[in-house]
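Take a look at the structure below.
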Amino acid sequence: MKIIIQGGRVLDPATGLNEPADILIEEGRIVDIRKSGSGQTRPDEIGLQRIDAAGKLVFPGLIDLHTHVREPGFEYKETIRTATEAAAAGGFTTICAMPNSLPVNDNQSVTRFILNRAKAEGLVQVLPIGAITKSSKGEELAEIEELKEAGCVAITDDGNPVAKSSMMRLAMEYAKTFGLPVIDHCEDPLLSEGGVMNEGVVSTEMGLPGIPPASEEVMVSRNLILAQETGARLHLAHISTAGSVHLIREAKARGVKVTAETCPHYFSLTEEAVRGYNTNAKMNPPLRTQKDLEAIRAGLSDGTIDIIATDHAPHAREEKEREFSNAPFGIVGLETALCLTLMLVEDGILTLEQAISKLTIEPAKFLGIKKGQIKVGMDADLVVFDPAEWWVVDPAEFRSKSRNTPFAGWKLKGRVLMTLVKGVPVFTRTPTSLEKREA
Amino acid sequence: MLKRKDLLAITELAPDEITTILDTAVSFKEVMARDIKKVPTLRGKTVINLFVEPSTRTRTSFELAAKRLSADLVNVSTSTSSLTKGESLLDMAKNLEAMRADLIVLRHPVAGAPHLLARALQCGIINAGDGAHEHPSQALLDLFTIRERKKTLSGLRVLLVGDILHSRVARSDLHALRKMGAEVTLVGPATMIPRGIEPWDVQVAYNFDEALGKENQKPDVIIMLRLQLERQEKGFIPSLREYSRLYGLTMARLRRASPDVLVMHPGPINRGIEISPDVADGLSSVILDQVTNGVAVRMALLYLLMGGKTE
Amino acid sequence: MAHEIVERNKGTDDLILIGIRTGGVHLVHRLANKIKEIEKVSVPIGELDITLYRDDLMLKKEQPVLKKTVIAFDISDKKIILVDDVLYTGRTIRAALDGLMDLGRPRMIQVAVLIDRGHRELPIRAEYVGKNLPTTSDEVIKVLLEEEGEEDRVVIYPPSPASQEGQRVKT
């Protein structure tokens with residue numbers, strides 16, 4: 001199948017490309033990137049399916065390092081199919097499936113199951129991440145080599161931290177053998193015990209038990225020290241505090257092999273969003289203070305934080321419509337991440353290239369996959385994006401099965417018009433019902 | 001006037017609303033002094049006590065308040081309710097509303113539970129204690145008791161002593177006292193004083209004796225908080241003995257304060273731990289008055305929240 | 001009226017005057033003073049707030065403010081003169097009767113009002129009436145007193161849009 005995407009401004013942070021260009025795609029690969037606007041149809045452009053991107057941006061399909069697809073085991077919250085539909089709507093062409101399914105992805109049969117489901121039902125590429133320990137209980141190592149063999153691209157016990165330092169050290173050394181990065185959800189469970197939101201002025205006023213920033217920072221510190229000692233590849237998931245950013249910055253300066261990610265909610269919201277006992281603002285790590293938000297932004301700006309991931313965590317309505325302490329942690333994020341990230345460009349925190357790179361080439365480099373770039377010979381995973389269109393976040397329009405977002409009603413700028421995976425459009429924007437009504 | 005459907009937190013009340021409630025309670029205290037302690041005012045209204053966290057005092061107080069206003073009251077407590085069978089709080093409450101309950105009094109171990117119901121239901125919700133967040137009617141009856149004895153609230157010096165961190169009574173009390181212009185000092189070990197209290201505009205003292213005996217700054221009111229005996233297990237205090245030695249109100253300590261100081265306690269009392277029996281039963285103690293006033297204040301709340309047309 | 005009350009009750013034994021808030025309060029004090037002038041005896045006075053006994057509480061938009069009931073003695077077996085400024089539908093007196101019954105068992109209750117404006121909705125009557133004043137139900141009557149800083153007088157206001165709303169729940 002031959003396709004040409006014409007007239008768009010092609011933005012590829014990896015190569016520095018930022019100009020109007022046409023992209024020629026054949027058999028799912030990019031075969032040429034050529035100057036557009038010549039007005040004449042070249043011989044090899046005849047008979048192609050045309051996608052008109054005039055006035056729009058074209059950039060590499062986004063890669064999410066942190067998605068909870070919920071399958072197997074929690075299909076009532078989300079399935080691989082609906083998660084990939086949400087991903088495609090958000091401009092993501094690759095998502096990494098976190099292992100805290102039921103059963104936990106701690107062995108090759110679950111890994112293969114996920115890959116098979118993704119092949120059968122998934123709209124975008126799904127890369128499994130395996131567990132560090134059996135059932136993520138933090139007691140015994142999982143069969144890590146087997147997980148890698150089956151297709152896992154990293155290991156983590158996310159949902160849970162690896163509480164025992166001795167276990168984390170063993171895991172890092174063992175994973176090093178196979179070149180697998182270790183991702184940690186940094187939380188000291190004894191410090192955070194019982195906590196349901198950030199510990200501070202707001203939690204004190206609301207009478208809710210708090211999760212102190214120290215809980216994250218203590219583990220960030222521990223992990224950095226162990227990573228330095230073992231020489232393993234460490235990745236820190238969903239960083240949320242100023243103290244963590246400071247520790248990471250300092251460790252990187254010392255040469256520790258660490259990458260760090262944060263999520264859009266940590267640079268867009270603070271603990272104030274929880275007021276009124278809003279369970280749609282409840283996640284772990286929790287939303288922190290304004291100071292932390294600013295430090296996260298600064299960390300993104302100076303490269304301390306390499307990657308932006310969603311931590312997309314769907315939950316059913318009846319689960320969130322509960323007393324605050326009884327509601328599960330987590331919010332969805334695939335369909336709002338890109339536009340929230342672009343708000344950083346509006347605010348002058350990042351350039352457009354930097355913003356896109358944290359969602360494309362940086363995760364690709366981390367995973368060691370040939371994605372996240374617009375280059376001849378690479379898979380045509382692309383997003384066609386209208387940078388000017390404003391829209392209002394309406395959870396009822398989400399492709400995800402779940403609606404748990406704190407961003408309902410937010411006005412965001414920029415819309416994904418089309419997402420292509422290997423040259424195949426897996427998402428095309430049709431006007432939403434709201435827009436139809438307004439039109 | 002109380003132009004509201006619910007009473008969820010003292011932080012939501014304006015000082016003049018608090019005054020209205022206290023003034024109304026005066027009339028109801030007079031009703032309680034009669035032989036026939038009943039008025040027909042809320043006849044035909046239905047109040048449900050939904051106590052997901054058990055309580056004898058508060059539940060009985062609300063029950064008497066409702067019955068003395070001739071309202072019908074039904075008690076629903078966890079052990080006998082469908083909540084144990086996995087029904088959600090929201091579903092349970094909607095069922096009660098469907099039975100045409102006019103008002104639900106909710107006590108729940110999780111902060112914010114009354115807010116969850118108030119958002120979803122048409123009928124009024126009174127928060128009878130939600131986790132560590134607030135216990136508004138307790139604070140109101142405490143204010144009533146203080147005002148009755150001291151004639152004013154503004155400018156009074158009040159000590160709140162004990163496990164502030166876990167106490168919803170402490171939170172409601174200090175918010176109510178600050179709103180009415182009283183000065184509040186929190187007294188307790190550092191492990192039991194919460195973080196993030198700067199917006200509260202209160203003092204903190206770790207030394208009880210000092211706080212009691214400060215020349216020209218002696219407290220007018222001492223509110224002792226109940227120590228939950230599990231706190232020692234969790235390490236907030238090393239032992240009950242040490243806590244009692246440092247923060248228990250004994251006669252000797254009481255003498256450091258001025259002779260007309262009021263001693264208060266929300267109950268139930270741990271005799272000998274946070275308060276010695278002779279102080280609890282002594283002349284400075286208004287603990288039983290608090291209980292009497294509690295019914296009057298709750299009658300006032302029911303009257304003010306349930307009367308009138310809901311627009 | 002003071003003379004009538006004393007005459008009908010053959011003296012002041014076991015007599016109690018109770019004024020209904022707020023219209024009857026000043027009047028009950030005046031009556032008590034007059035009786036004192038005549039009989040040289042101080043008759044006990046009480047003030048009764050009937051808000052809790054009203055039959056129209058659920059119809060009003062807001063809860064009326066409660067005022068205090070001050071009856072510092074036992075009313076059982078006493079002869080009570082209930083005093084109010086205006087007798088209209090009779091509902092206030094009905095509420096006052098219920099309130100008194102909850103306080104004790106009086107031997108007898110009689111009603112004394114300054115103005116009877118007619119339009120009874122319940123079988124209630126006053127034994128002692130200062131003046132009968134026929135009115136239409138959309139007029140408003142106000143009794144103004146010296147004790148409140150006004151000249152002693154009774155004013156009849158013509159119907160007004162606001163008063164018509166109030167009419168339906170007037171006492």
Side-chain angles (χ1 to χ4, degrees), chain A residues 76 188-215 217 241 243 270-282 286-292 315-329 404 406 408, chain B residues 8-12 50 52-53 83 86-94 106-120 127 129-136 164-172 174-175 178 186 192-202 230 234-236:
Chain A
Y76 67 94
D188 182 332
L190 294 174
L191 277 177
S192 68
E193 193 178 11
V196 297
M197 64 174 289
N198 185 41
E199 183 188 73
V201 170
V202 180
S203 71
T204 293
E205 193 184 298
M206 290 173 71
L208 288 171
I211 299 171
S215 161
E217 292 158 12
T241 82
T270 65
E271 55 188 359
E272 297 287 335
V274 178
R275 278 192 195 280
Y277 301 93
N278 180 10
T279 55
N280 281 328
K282 178 181 180 181
L287 296 170
R288 307 278 188 187
T289 66
Q290 183 64 26
K291 276 213 172 69
D292 296 300
H315 289 294
R317 197 187 102 176
E318 64 271 12
E319 296 178 302
K320 281 291 198 175
E321 257 179 14
R322 281 203 209 138
E323 306 90 304
F324 197 86
S325 296
N326 298 343
F329 289 104
N404 47 319
Chain B
L8 303 177
I10 295 286
T11 48
E12 295 171 11
L50 182 51
V52 182
E53 198 184 78
L83 288 173
E87 187 185 25
S88 79
L89 180 69
L90 208 48
D91 273 338
M92 154 122 276
K94 284 186 179 166
L106 177 69
R107 171 170 282 202
H108 198 288
V110 176
H115 296 68
L116 178 65
L117 294 191
R119 266 198 294 265
N127 178 8
D130 64 330
H133 177 229
E134 285 228 28
H135 189 0
I164 314 286
L165 179 61
H166 298 99
S167 171
R168 56 185 167 222
V169 172
R171 279 173 175 75
S172 289
L174 68 88
H175 288 309
R178 293 296 300 130
L186 305 178
M192 288 178 162
I193 308 280
R195 286 185 168 72
I197 60 170
E198 299 79 21
W200 287 358
D201 194 21
V202 297
E230 311 89 80
K234 290 266 172 154
F236 287 96

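Reckoned from all heavy atoms, side chains included, excluding hydrogens, waters and symmetry mates. Every chain is numbered from 1 and lettered A, B, ... according to where its sequence line falls, protein lines coming before strand lines. All values reported here derive from a predicted model rather than from experimental measurement.
- Interface residue Arg195(B): backbone and side-chain heavy atoms are both found under 4.5 Å from chain A.
- To the nearest 0.5 angstrom, Leu89(B) atom CG is 6.0 Å from Leu106(B) atom CG.
- The contact between Asp130(B) and chain A is made entirely by side chain atoms (from C-beta outward), counting heavy-atom distances below 4.5 Å.
- No part of Glu134(B) comes within reach of chain A, as not one of its non-hydrogen atoms sits under 4.5 angstrom from that chain.
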Report the C-alpha distance between Tyr76(A) and Glu319(A) in whole Å, list the side-chain angles of each, state the deciding distance to 0.1 Å, and finish with yes or no for side-chain hydrogen bond (donor to acceptor under 3.5 Å, both in side chains). CA-CA 11 Å; Tyr76(A) 67 94; Glu319(A) 296 178 302; 2.7 Å; yes

Does the salt bridge (charged side-chain N to carboxylate O under 4.0 Å, His left out) test come out yes or no for Arg288(A) and Glu217(A), once each step is laid out?
-> CA-CA 13 Å; Arg288(A) 307 278 188 187; Glu217(A) 292 158 12; over 6 Å; no

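- The aromatic rings of His133(B) and Tyr277(A) lie perpendicular to each other, with more than 60° between the two planes, well past the 30° mark.
- Looking at Glu199(A), the atoms closer than 4.5 Å to chain B (heavy atoms on both sides) all sit in the side chain, from C-beta outward.
- With values rounded to the nearest 0.5 angstrom, Leu191(A) atom CG is found 11.0 Å from Ile211(A) atom CD1.
- Taking chain A as the reference chain and counting heavy-atom pairs below 4.5 Å, the highest number among Leu8(B), Asp91(B), Leu116(B) is found for Leu116(B).
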